[in-house]
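Comments concern the structure below.
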Amino acid sequence: MREPFPKIIEAMRDTKIPVLSVDAPSSWNIETGPPDSGPGKGFHPDALISLTAPKPLVKWFKGRHFLGGR
């Protein structure tokens, strides 16, 4: 991950303000979910808004999940 994104992901991970992710949380892998290391380790947004259909990473998501669509 190139600068300035590691610092932004860490700030979202450490904030007390609710964070919403659209389609997939930043730094998460679509197939394997949250990273085991790096700046995204421990980043779990408060809510996920899936577009049209949830991705496989939803298995690891623990917050509120909203499903968009037509």
Side-chain angles (χ1 to χ4, degrees):
M1 190 179 315
R2 61 183 165 76
E3 292 297 332
F5 301 108
K7 290 181 180 78
I8 294 168
I9 300 293
E10 290 169 349
M12 288 191 303
R13 177 193 66 206
D14 297 339
T15 188
K16 300 298 179 210
I17 298 170
V19 175
L20 308 176
S21 289
V22 177
D23 206 31
S26 297
S27 77
W28 284 35
N29 181 287
I30 297 298
E31 300 293 328
T32 61
D36 293 329
S37 62
K41 182 179 180 179
F43 172 55
H44 295 277
D46 299 285
L48 174 63
I49 304 165
S50 289
L51 303 175
T52 61
K55 306 280 188 276
L57 61 77
V58 171
K59 293 185 277 190
W60 292 274
F61 184 70
K62 304 288 189 236
R64 290 187 72 183
H65 185 207
F66 299 94
L67 182 60
R70 296 179 188 241

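Throughout, numbering of the chain's residues begins at 1 and tracks the sequence. Small disclaimer: the values here were computed from a predicted structure and weren't measured.
Around atom CG of D36, no more than 12 heavy atoms belonging to other residues, nucleotides or ligands sit under 6.0 Å away.
From L67, atom CG reaches atom CG of L51 across 9.0 Å, with rounding to the nearest 0.5 Å. Distance check, rounded to the nearest 0.5 Å: NZ of K41 to CD of E10 gives 12.5 Å. Between the NE2 atom of H44 and the OG atom of S21 there is a distance of 11.0 Å, given to the nearest 0.5 Å. R13 contributes atom CZ, which lies 13.0 Å from atom OG of S26 (distance to the nearest 0.5 angstrom).
Taking each heavy atom of D46 and P18 in turn, the nearest pair found is OD2-CA, 3.0 Å. Closest approach of S50 and P54 over heavy atoms only: OG-CA, 3.7 Å.
A 4.5 Å side-chain heavy-atom check between P45 and M12 finds every atom pair outside the cut-off. At least one side-chain heavy atom of I30 sits under 4.5 Å from a side-chain heavy atom of P56.
A continuous path of ILVMFWY side-chain contacts below 4.5 Å connects W60 to I9, so both sit in one hydrophobic cluster. By the criterion of side-chain heavy atoms lying less than 4.5 angstrom apart, applied directly or through intervening Ile, Leu, Val, Met, Phe, Trp or Tyr residues, I8 is grouped together with L48 in one hydrophobic cluster. No single ILVMFWY cluster, assembled from side-chain heavy atoms under 4.5 Å apart, contains both I17 and L20. Tracing side-chain contacts under 4.5 Å through hydrophobic residues (I, L, V, M, F, W, Y), one reaches F66 starting from V22; they form part of the same cluster.
The main-chain N or O of F43 is found under 3.5 Å from a side-chain atom of W28 such that the two form a donor-acceptor pair.
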